[in-house]
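We name chains A, B, ... by the order of the sequence lines, and we start the count at 1 in each one. Reckoned from all heavy atoms, side chains included, excluding hydrogens, waters and symmetry mates.
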Amino acid sequence: MLAYLVAVWLLLVGLYGVITSRHLVHLVLCLGVMQASTYVLLLAIGWRTGGAAPIFVDIPPRTPVVDPVVQALTLTDVVVEATVVAVLLALTVQAHKRFGTCDPDALGALRG
Amino acid sequence: MTRRVRIVLGLGSLAVLSGLLVWGVTGLPDLGHPRGPYADLAPRMMLDERHVANAVTGVTFDLRGFDTLGEEMILFAAALGAAVLLRAQRTEHEAEAAAAMEEERGPGTADALRALGAVLVGPVLLLGVYVVVHGALTPGGGFQGGVLLAGALLLVYAAGQVAAIRRVRPVALVEVADAVGAGAYMLVAVAGLVFGVAVMDNVLPFGTTGSLLSGGTVPVLSIAVGVEVTAAVTLILSEFVDQMLLRHGDG
């Protein structure tokens, strides 16, 4: 239960950062924090008490292991987050060049 | 909407959302007892039918291979998008001039950092290659190893040798590698259709569990992804480095 609540907390604290952000780079990083909550949630769902890592190199073939499917999903998640952050930071550079500011509020006044 | 109104509205929504989320997670399975058959079936299938020791890599490149194809395309499109966005603001000529200026000025980084960067490049490159090719056996795979390899190239930059990084990552070569990685994955996917029964069918011999070539197409796809990730991450990072050089040039 605690792990699920950690995921909820990460999502909420990231969203709070996005809402109150005064700088686009800060905003993008807060989005990253929000996405981190999905990693925690996925890994928590696949966790098996006492389970080994799902890599059968030095453990017997039928050892109980944690769920590898959600771990693969988490891998996808990490890649997507990295690409989202890259594109958003590129947009931030573009916004700063064009409008001379990275404050989301000031950008709104400049018709974004 | 003023900032104050937005924050009040946002905090209200956050309170509602937190209530809903906490209510939602109470319905999830108890921590430590995954439900559903796949937690048990996936590692068993990977080990018995595919001879892949690392079930996570097996799931990524075999069971969920088609999803990973989409993921590859996301990465490809994002690298392309970031490069297009960042290049829209400069000409090649400007970038060359900025780099030349940087070279003249000499690296401003500390000697200790330069030495550490130079020392680490080799080991990190080796580790990256190891992680990519052993994806089916030990923790790791194409994505993880690819980021390590791109990190090694970034270390060259951290060592303060901007001129050197321009030599080790000729932009054209990186772009071609990006496309080759994505294309190779596509080809393996289509090979399943040609030589097997469906797209992403694992058509290669599975080999012996624990050997480097076990898992059929799994290690092949891992290497394809490794090439693509290395190129995509290098491309993105080097575009940002160029931006920084341009700013130095302006200042």
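Each of Ala39(B), Ala77(B), Pro139(B) has some count of heavy-atom pairs under 4.5 Å with chain A, and the biggest count is that of Ala39(B). With respect to chain A, the highest number of heavy-atom pairs below 4.5 Å among Ala42(B), Ser18(B), Gly24(B) belongs to Ser18(B).
Both the backbone and the side chain of Leu89(A) come within less than 4.5 Å of a heavy atom in chain B. Only the side chain of Phe143(B) comes within contact range of chain A, with heavy atoms under 4.5 Å apart. Residue Ser21(A) touches chain B through its backbone alone, counting heavy-atom pairs closer than 4.5 Å. With a 4.5 Å cut-off on non-hydrogen atoms, Asp67(B) does not touch chain A at all. Heavy atoms of Leu47(B) lying under 4.5 Å from chain A belong exclusively to its side chain. At a 4.5 Å heavy-atom cutoff, Thr57(B) makes no contact with chain A through either its backbone or its side chain. With a 4.5 Å cut-off on non-hydrogen atoms, Phe61(B) does not touch chain A at all. Only the side chain of Arg62(A) comes within less than 4.5 Å of a heavy atom in chain B; its backbone stays farther off. Contact of Ile236(B) with chain A is made through the side chain alone, with heavy-atom distances under 4.5 Å.
Of all heavy-atom pairs spanning Pro34(B) and Gly46(A), the tightest one is CG-O, 4.0 Å. Shortest non-hydrogen contact noted between Val87(A) and Ala78(B) is CG2-O, 3.7 Å.
Here the CG atom belonging to Leu28(B) is positioned 8.0 Å from the CE atom belonging to Met1(A), to the nearest 0.5 angstrom. Expressed to the nearest 0.5 Å, how far CD of Glu71(B) lies from OG1 of Thr83(A) amounts to 9.0 Å. Atom CG in Leu14(B) sits 9.0 Å away from atom CG in Leu11(A) (nearest 0.5 Å). With rounding to the nearest 0.5 angstrom, the CG atom of Asp30(B) is 7.5 Å from the OH atom of Tyr4(A). With values rounded to the nearest 0.5 angstrom, Leu31(B) atom CG is found 6.5 Å from Thr49(A) atom OG1.
Arg6(B) places a side-chain N or O within 3.5 Å of a backbone atom of Ile19(A) that can act as its donor or acceptor partner.
By the 4.5 Å heavy-atom criterion applied to side chains, Ile74(B) and Val79(A) are not counted as neighbours. Contact check for Leu85(B) versus Leu91(A): side-chain heavy atoms found under the 4.5 Å cut-off. Annotation: side chain of Gln144(B) is in contact with side chain of Leu75(A) (closest heavy-atom distance under 4.5 Å). Side-chain contact between Val93(A) and Leu86(B) is present, with at least one heavy-atom pair separated by less than 4.5 Å. Using a 4.5 Å heavy-atom cutoff, the side chains of Leu11(B) and Tyr16(A) are in contact. Using a 4.5 Å cut-off on side-chain heavy atoms (C-beta onward), Val25(B) and Leu5(A) make contact.
In Phe206(B), the CZ atom is crowded: over 12 heavy atoms of neighbouring residues, nucleotides or ligands sit closer than 6.0 Å. The environment of Met45(B) atom CE is dense: over 12 non-hydrogen atoms of other residues, nucleotides or ligands sit within 6.0 angstrom.
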